[in-house]
2 protein chains.
Amino acid sequence: MYSAPQTEQATGFKTGRKAPNRHPVDGLDGFHSGTVRRIEAKEHVFCEGDPRTHVYRIEDGVIALSKVLSDGRRQIIDFAYPGDYIGLGMFGDHVFDAQATCACKVRCLPTSQLEHDAARDPALAFRLYNAVSAELSAARRLLVSVGQGTAMERIASFLIELKGRSGHLEEDLINLPMRRSDIADLLGLTIETVSRTLTKLRMMRVIEIQNGNDVRILDANRLEEIAG
Amino acid sequence: MYSAPQTEQATGFKTGRKAPNRHPVDGLDGFHSGTVRRIEAKEHVFCEGDPRTHVYRIEDGVIALSKVLSDGRRQIIDFAYPGDYIGLGMFGDHVFDAQATCACKVRCLPTSQLEHDAARDPALAFRLYNAVSAELSAARRLLVSVGQGTAMERIASFLIELKGRSGHLEEDLINLPMRRSDIADLLGLTIETVSRTLTKLRMMRVIEIQNGNDVRILDANRLEEIAG
DNA sequence: CGAGACGTTGAAGAAGGTCAATGCAAGTGG
DNA sequence: CCACTTGCATTGACCTTCTTCAACGTCTCG
């Protein structure tokens with residue numbers, strides 16, 4: 001479950017990513033020196049209860065941060081995309097699971113070193129502050145969507161959020177590198193409702209679905225309208 | 001809506017507050033020198049779109065942070081209790097409203113000064129980081145509750161959360177310094193469902209309600225069980 | 001006192017969940 | 001190579017939970 005980080009060159013590092021909603025911390029000191037670990041799809045980076053040994057920077061792929069309840073229900077807290085960090089802003093042991101939705105690469109930095117550095121380097125500490133602030137904003141946006149939105153509204157804002165995050169090849173072509181169940185658990189819905197809602201959006205000619213996991217936005221204005 | 005801060009002695013500052021869920025930043029530098037502003041119930045400290053001029057430390061009362069959608073739906077993001085800070089972890093203009101649920105006092109510190117200080121003082125920057133991290137944890141706990149919980153589970157965890165936060169005179173006696181509509185908008189429910197659920201908890205002899213706004217927990221174990 | 005804000009309760013309706021069947025593509029083993 | 005399994009997505013029928021709409025009670029404050 002928690003294999004030792006293996007050193008390796010980071011080959012898949014995308015730099016051209018757009019992220020209007022996030023404020024990624026470019027070049028958090030020390031992150032260029034960390035080792036890179038390869039994570040298989042569905043493999044856990046860490047689990048709830050594990051000691052918080054590292055902070056990870058996603059180099060490639062998508063990691064789902066989630067909380068699993070005792071009866072199996074699961075809430076995904078956030079999807080971490082390349083450039084995002086996971087493991088920041090926590091104290092003591094991990095409170096969430098971090099699981100790869102697809103094959104990933106993450107860069108690892110020992111927590112102790114980071115905290116040690118931050119206590120001495122105001123610029124680093126300030127960047128940590130900004131990184132966590134960005135996560136806070138994202139969590140609150142999601143909360144508004146889940147707390148107030150209908151299924152249709154949640155799916156629409158999810159697609160818009162992803163449009164701003166994922167490294168897509170074409171404008172308006174969004175790759176969904178996760179299963180329906182991941183989307184459902186992010187939005188507080190069931191896979192059936194996610195599926196039905198996507199179908200409805202297809203019928204409305206707002207989106208088009210290619211190969212199951214690639215969503216083409218046909219009517220961006222209408223989608224924004226629906227998202228509220 | 002945004003009256004000039006008025007200088008005044010902070011008389012109502014409670015120090016004996018317990019907050020197991022939060023990690024308040026005791027003595028954020030500069031906060032002892034800020035002016036104190038009195039806020040009436042339902043008055044806004046700031047609104048969405050206002051320039052982010054100050055960070056506020058709650059001295060007395062409770063402030064609701066919320067997002068109001070175009071059609072009037074509202075999601076409360078957090079309740080800020082004495083010792084908590086609002087206005088941290090944001091960039092540019094305010095994205096949320098901050099509204100007093102009851103008469104409050106807040107201590108004001110100009111944002112520019114704080115950021116100026118933080119860029120030079122690693123200890124301050126690190127405390128800011130911790131303060132925002134605590135908010136992030138709270139937001140994520142709420143998200144799990146709203147995304148996965150039934151009405152009963154949401155209300156139960158809400159009560160438990162408050163038990164850890166509010167400065168209560170007696171153990172197991174929780175004051176609710178907000179209206180039912182505030183609770184509803186926090187938990188993604190309607191006031192009717194909140195009311196019915198509280199009634200159900202009363203019928204189950206898990207809680208007792210005194211004077212409408214004071215909740216006595218009769219069976220804490222059962223309540224934790226229900227919260228999941 | 002009367003008006004307004006807030007809370008509670010009931011009845012009816014809708015959105016989404018649950019259960020179940022089907023489809024479909026990618027392995028896997030004979 | 002083909003039968004079989006397995007994981008994931010879609011769709012339909014039914015049901016539960018929560019919302020909506022409405023009435024009423026209570027309290028406060030002008």
Side-chain angles (χ1 to χ4, degrees), chain A residues 40-43 64 69 71-75 99-103 145-156 158 175-204 207-215 226 228, chain B residues 40-43 64 69 71-75 99-103 145-156 158 175-204 207-215 226 228:
Chain A
E40 299 305 319
K42 298 206 220 168
E43 188 187 344
L69 306 187
D71 61 357
R73 279 176 295 176
R74 183 177 69 140
Q75 177 67 43
Q99 188 177 18
T101 67
C102 55
S145 179
V146 171
Q148 299 301 321
T150 61
M152 183 60 91
E153 290 167 335
R154 294 184 215 183
I155 293 285
F158 169 70
N175 179 247
L176 304 181
M178 69 283 289
R179 338 215 167 298
R180 296 289 185 270
S181 66
D182 294 323
I183 301 175
D185 289 347
L186 179 80
L187 300 177
L189 300 169
T190 58
I191 51 174
E192 292 93 333
T193 300
V194 170
S195 182
R196 275 188 259 267
T197 305
L198 286 174
T199 301
K200 207 174 289 179
L201 282 171
R202 263 197 299 118
M203 294 311 171
M204 293 162 68
I207 62 170
E208 207 173 64
I209 300 183
Q210 302 168 343
N211 312 325
N213 274 8
D214 287 312
V215 174
I226 293 170
Chain B
E40 300 304 320
K42 299 206 218 167
E43 189 187 342
L69 306 187
D71 61 356
R73 279 175 296 173
R74 185 177 67 140
Q75 177 67 42
Q99 187 177 19
T101 67
C102 56
S145 179
V146 170
Q148 299 300 321
T150 62
M152 182 61 91
E153 290 167 333
R154 294 185 215 183
I155 293 285
F158 169 69
N175 179 248
L176 304 181
M178 68 284 287
R179 339 218 168 297
R180 296 290 184 271
S181 66
D182 294 323
I183 301 175
D185 289 347
L186 179 81
L187 300 178
L189 300 169
T190 59
I191 51 176
E192 293 94 332
T193 301
V194 170
S195 182
R196 276 187 259 266
T197 306
L198 286 173
T199 302
K200 207 174 289 179
L201 282 171
R202 263 197 299 119
M203 295 309 172
M204 293 163 69
I207 62 171
E208 208 173 63
I209 300 183
Q210 302 168 343
N211 313 324
N213 274 6
D214 287 312
V215 174
I226 293 170

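All figures in this text were calculated on a predicted structure; none of them were measured in a lab.
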Asks: Could you walk me through whether B/Ile155 and B/Lys200 pass the side-chain contact (heavy atoms from CB on, under 4.5 Å) test, one step at a time?
Replies: CA-CA 11 Å; B/Ile155 293 285; B/Lys200 207 174 289 179; over 6 Å; no
Asks: Rounded to the Å, how far apart are A/Leu176 CG and D/dC8 C1'?
Replies: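 Rounding to the nearest Å, CG of A/Leu176 and C1' of D/dC8 are 14 Å apart.
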Asks: Which part of the nucleic acid, if any, lies within reach of A/Leu189 when heavy atoms closer than 4.0 Å are counted: base, sugar-phosphate only, or nothing?
Replies: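 A/Leu189: backbone/sugar contact only, no base atoms under 4.0 Å.
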Asks: From CG of A/Leu187 over to P of C/dG17, roughly how many Å is that when rounded to an integer?
Replies: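 Those two atoms, CG and P, are 11 Å apart.
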Asks: Side chain of B/Arg196 only, heavy atoms from C-beta on: which candidate in D/dT19, C/dT18, D/dA9 is closest?
Replies: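 The nucleotide sitting nearest to the side chain is D/dT19.
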Asks: Nearest to the B/Thr190 side chain among C/dT8, D/dA9, D/dT20, which nucleotide is it?
Replies: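 Side chain of B/Thr190 sits closest to D/dT20.
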Asks: Taking 4.0 Å as the cut-off, does a side-chain nitrogen or oxygen of A/Thr193 come that near to OP1 or OP2 on C/dA15?
Replies: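 No, A/Thr193 has no side-chain N/O under 4.0 Å of OP1/OP2 on C/dA15.
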Asks: Between D/dT26 atom P and B/Asn213 atom CG, what is the distance in whole Å?
Replies: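 Atom CG in B/Asn213 sits about 17 Å away from atom P in D/dT26.
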Asks: Counting just side-chain N and O atoms, does A/Arg179 come under 4.0 Å of either OP1 or OP2 of D/dA9?
Replies: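 Looking at the OP1 and OP2 atoms of D/dA9, neither is under 4.0 Å from any side-chain N or O of A/Arg179.
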Asks: Check every strand shown and say whether A/Lys200 touches a base, only sugar-phosphate, or nothing at a heavy-atom separation below 4.0 Å.
Replies: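 Result for A/Lys200 = nothing.
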Asks: Can you tell me how far P of C/dG7 sits from CE of B/Met178, to the nearest Å?
Replies: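 Computing the B/Met178:CE to C/dG7:P distance gives 11 Å.
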Asks: Report the residue from B/Thr193, B/Leu189, B/Ile191 that forms a side chain to side chain contact (heavy atoms under 4.5 Å, CB included) with B/Arg180.
Replies: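 Of the listed options, the one satisfying the test is B/Ile191.
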Asks: Tell me which nucleotide among D/dC18, D/dA9, C/dT9 gets nearest to the side chain of B/Ser195.
Replies: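 Among D/dC18, D/dA9, C/dT9, the one nearest the side chain of B/Ser195 is C/dT9.
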Asks: By nearest nucleotide on DNA chain C, pick out whichever of B/Glu192 and B/Lys42 is the more 5' one.
Replies: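 Its nearest nucleotide being more 5', the pick is B/Lys42.
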Asks: Is any side-chain heavy atom of A/Arg154 less than 4.5 Å from a side-chain heavy atom of A/Leu186?
Replies: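 Side-chain contact under 4.5 Å: no.
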Asks: Going by the side chain to side chain contact (heavy atoms under 4.5 Å, CB included) test, name the single residue among A/Leu176, A/Asp214, A/Leu198, A/Thr199 that passes it with A/Ile209.
Replies: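 When side chain to side chain contact (heavy atoms under 4.5 Å, CB included) is applied between A/Ile209 and each of A/Leu176, A/Asp214, A/Leu198, A/Thr199, only A/Leu198 qualifies.
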Asks: What is the distance, to the nearest angstrom, from the CZ atom on A/Arg180 to the P atom on C/dG23?
Replies: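 Taking atom P of C/dG23 as the reference, CZ of A/Arg180 is at 19 Å.
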Asks: Specify the separation, in whole Å, of atom CZ of A/Arg202 and atom P of D/dA9.
Replies: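 After rounding, the gap between these two atoms is 13 Å.
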Asks: Please classify the nucleic acid contact of B/Gly188 as base, sugar-phosphate, or nothing, using heavy-atom distances under 4.0 Å.
Replies: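 Answer is sugar-phosphate: B/Gly188 comes under 4.0 Å of backbone atoms only.
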Asks: Atom CD of B/Glu40 to atom P of C/dA5: distance rounded to whole Å?
Replies: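 Interatomic distance, CD of B/Glu40 to P of C/dA5: 17 Å.
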Asks: Figure out the CD/P separation between B/Gln210 and C/dG7, and round it to whole Å.
Replies: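 Rounded to the whole Å, the gap is 17 Å.
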Asks: Taking the basic N atoms (NZ, or NE/NH1/NH2) and the acidic carboxylate oxygens, is any pair closer than 4.0 Å for B/Asp182 and B/Arg74?
Replies: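 Yes.
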